[in-house]
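Below is one structure, written out as structure tokens; comments come after it.
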2 protein chains.
Amino acid sequence: MSDSSSLRTLDNFDLAILNILQRDNTTPQRVIGEAVNLSAPAVQRRIRRMEEAGVIQANVAIVDPAQVGQAITIFVEVEVISETAELIDAAKQEFAAVPEVQQCYYVTGEADFVLVVVVPTMTAYEALTRRLFFGNNNVKRFRTFVAMDRVKVGLAVPLPGD
Amino acid sequence: MSDSSSLRTLDNFDLAILNILQRDNTTPQRVIGEAVNLSAPAVQRRIRRMEEAGVIQANVAIVDPAQVGQAITIFVEVEVISETAELIDAAKQEFAAVPEVQQCYYVTGEADFVLVVVVPTMTAYEALTRRLFFGNNNVKRFRTFVAMDRVKVGLAVPLPGD
DNA sequence: CACTGAATGCAAGATTTTTTCGTGCTAGAG
DNA sequence: CTCTAGCACGAAAAAATCTTGCATTCAGTG
């Protein structure tokens with residue numbers, strides 16, 4: 001899947017382009033070119049290369065959950081009982097496969113997983129916990145944090161020049 | 001900026017379009033049209049309406065942090081001392097303004113804020129904690145979870161039809 | 001000093017996005 | 001019941017963007 005052939009180091013042009021695209025990827029290449037002092041085709045080629053190299057992982061529209069009836073965002077810290085490689089991998093796959101699980105990280109510290117869950121109602125969340133946590137006998141404990149305000153949401157990576 | 005005039009309810013066409021766009025917003029309108037049985041201009045108009053209504057909040061490229069030297073993702077639970085409206089708002093603004101803070105949620109439960117932080121090194125994180133937490137005398141306590149694996153990352157909202 | 005590989009800009013060609021225009025449907029008024 | 005206004009649609013044209021081909025430049029190498 002991930003192509004390692006074109007692993008060239010990113011220069012300042014690439015970083016400047018990324019910085020624009022991770023804020024608005026509908027920006028025309030011509031405009032990007034003017035901003036970074038390159039021609040549109042040069043910008044194009046760099047973008048395509050970064051996509052192939054996996055530097056750009058996806059191009060997506062960000063949807064407001066509240067406006068599509070998925071109003072509740074919840075954080076969950078999950079602690080497992082046994083941390084063997086097999087069980088951890090199984091948990092990863094299980095969590096990742098659930099659409100309501102928007103993000104899933106395997107972490108160190110007082111928990112093993114942190115999940116970001118998006119659901120329409122608390123009832124739906126309760127059902128999800130039954131399925132995902134109570135139904136998994138390797139889950140020792142989980143703690144829930146309900147988001148009252150999505151203060152800042154995004155996946156933008158801090159890049160040199162902020 | 002945000003126009004509240006066109007707050008029409010989303011129909012199944014809109015949801016289908018969103019479902020495509022939140023996975024790949026480079027999909028041509030013509031292709032989307034074929035998928036949902038609509039002409040390209042009809043798709044176009046619906047997209048624009050949803051952008052104006054804020055249903056589509058942004059169009060962005062997702063960048064792999066590791067490939068731009070920002071290899072470490074960290075979760076932080078922050079607990080504050082005083083929870084007055086003013087202090088909470090101040091904290092929101094402060095956290096949101098920091099580029100390294102990729103996401104920030106104000107939550108209920110055993111913590112008040114949950115942050116997702118992206119930094120190049122643990123040293124940088126340590127410096128950030130000094131500035132953001134130790135330097136803020138309304139912060140009672142914070143707990144750090146370092147991500148070992150970004151199992152699932154995204155902002156896709158579960159929509160009818162998954 | 002010549003050669004190779006990589007990246008560039010320009011210009012042409014292909015594709016997509018956007019606008020224009022005419023039609024059909026539906027709801028409300030006369 | 002008929003008429004009209006409002007809306008969304010599709011088809012086609014127009015505008016803009018993306019993509020490709022090609023010649024040139026530059027750095028590194030034999």
Side-chain angles (χ1 to χ4, degrees), chain A residues 2-64 67-69 159-161, chain B residues 1-64 67-69 156 159-161:
Chain A
S2 57
D3 183 351
S4 61
S5 61
S6 43
L7 259 181
R8 164 169 283 79
T9 52
L10 304 177
D11 61 18
N12 289 335
F13 285 120
D14 293 314
L15 293 178
I17 292 169
L18 285 178
N19 226 348
I20 293 172
L21 290 182
Q22 76 173 346
R23 285 176 175 74
D24 181 6
N25 72 355
T26 67
T27 313
Q29 296 166 353
R30 175 182 49 81
V31 175
I32 299 175
E34 290 165 6
V36 304
N37 271 357
L38 276 171
S39 68
V43 171
Q44 214 275 26
R45 288 184 279 256
R46 283 167 178 272
I47 292 174
R48 202 160 62 82
R49 187 186 309 148
M50 290 192 285
E51 284 174 345
E52 287 169 355
V55 178
I56 295 174
Q57 296 184 316
N59 287 283
V60 303
I62 294 181
V63 175
D64 181 3
Q67 294 208 46
V68 292
L159 294 179
Chain B
M1 30 196 69
S2 58
D3 185 349
S4 61
S5 62
S6 45
L7 258 179
R8 163 171 282 77
T9 52
L10 303 178
D11 61 17
N12 289 335
F13 285 120
D14 293 314
L15 293 177
I17 293 170
L18 285 179
N19 224 349
I20 293 171
L21 291 182
Q22 76 173 345
R23 288 178 173 74
D24 181 5
N25 71 355
T26 67
T27 313
Q29 296 166 352
R30 177 181 48 79
V31 175
I32 299 175
E34 290 166 6
V36 303
N37 270 357
L38 235 46
S39 68
V43 171
Q44 215 272 22
R45 287 184 280 255
R46 283 167 177 271
I47 292 174
R48 201 159 62 83
R49 187 186 310 149
M50 291 192 284
E51 283 174 344
E52 287 168 354
V55 178
I56 296 174
Q57 297 184 316
N59 287 283
V60 304
I62 294 180
V63 176
D64 182 2
Q67 295 208 45
V68 292
L159 293 179

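Owing to the predicted nature of the structure, the values given are computational and were not obtained by experimental measurement. Throughout, protein chains are lettered first and strands after them, A, B, ... in sequence-line order, and every chain is numbered starting at 1.
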**Message:** With a 4.0 Å limit, can you tell me whether B:Q29 has a side-chain N or O closer than that to the phosphate oxygens OP1/OP2 of C:dT15?
**Reply:** no
Between [atom2] on [N] and [atom1] on [X], what's the gap in Å once rounded to a whole number?
X: A:R48; N: D:dC18; atom1: CZ; atom2: C1'; answer: 12 Å
X: B:R49; N: D:dG6; atom1: CZ; atom2: P; answer: 17 Å
X: A:I17; N: D:dC18; atom1: CD1; atom2: P; answer: 13 Å
X: A:D14; N: C:dA7; atom1: CG; atom2: P; answer: 10 Å
X: A:R30; N: C:dT8; atom1: CZ; atom2: C1'; answer: 19 Å
X: A:D11; N: D:dC26; atom1: CG; atom2: C1'; answer: 15 Å
X: A:E34; N: D:dA16; atom1: CD; atom2: P; answer: 14 Å
X: A:L38; N: C:dC10; atom1: CG; atom2: C1'; answer: 14 Å

**Prompt:** Is a side-chain N or O of A:Q29 found less than 3.5 angstrom from the main chain of A:I47, in a donor-acceptor match?
**Reply:** no
What distance separates [X] [atom1] from [Y] [atom2], expressed to the nearest 0.5 Å?
X: A:I56; Y: A:L21; atom1: CD1; atom2: CG; value: 5.5 Å
X: B:I32; Y: B:N25; atom1: CD1; atom2: CG; value: 9.0 Å
X: B:I17; Y: B:R49; atom1: CD1; atom2: CZ; value: 9.5 Å
X: A:Q67; Y: B:L18; atom1: CD; atom2: CG; value: 10.0 Å
X: B:L38; Y: B:F13; atom1: CG; atom2: CZ; value: 5.0 Å

**Prompt:** Which of residues 39-47 of chain A have a heavy atom under 4.0 Å from DNA chain C?
**Reply:** A:S39, A:P41, A:A42, A:R45, A:R46
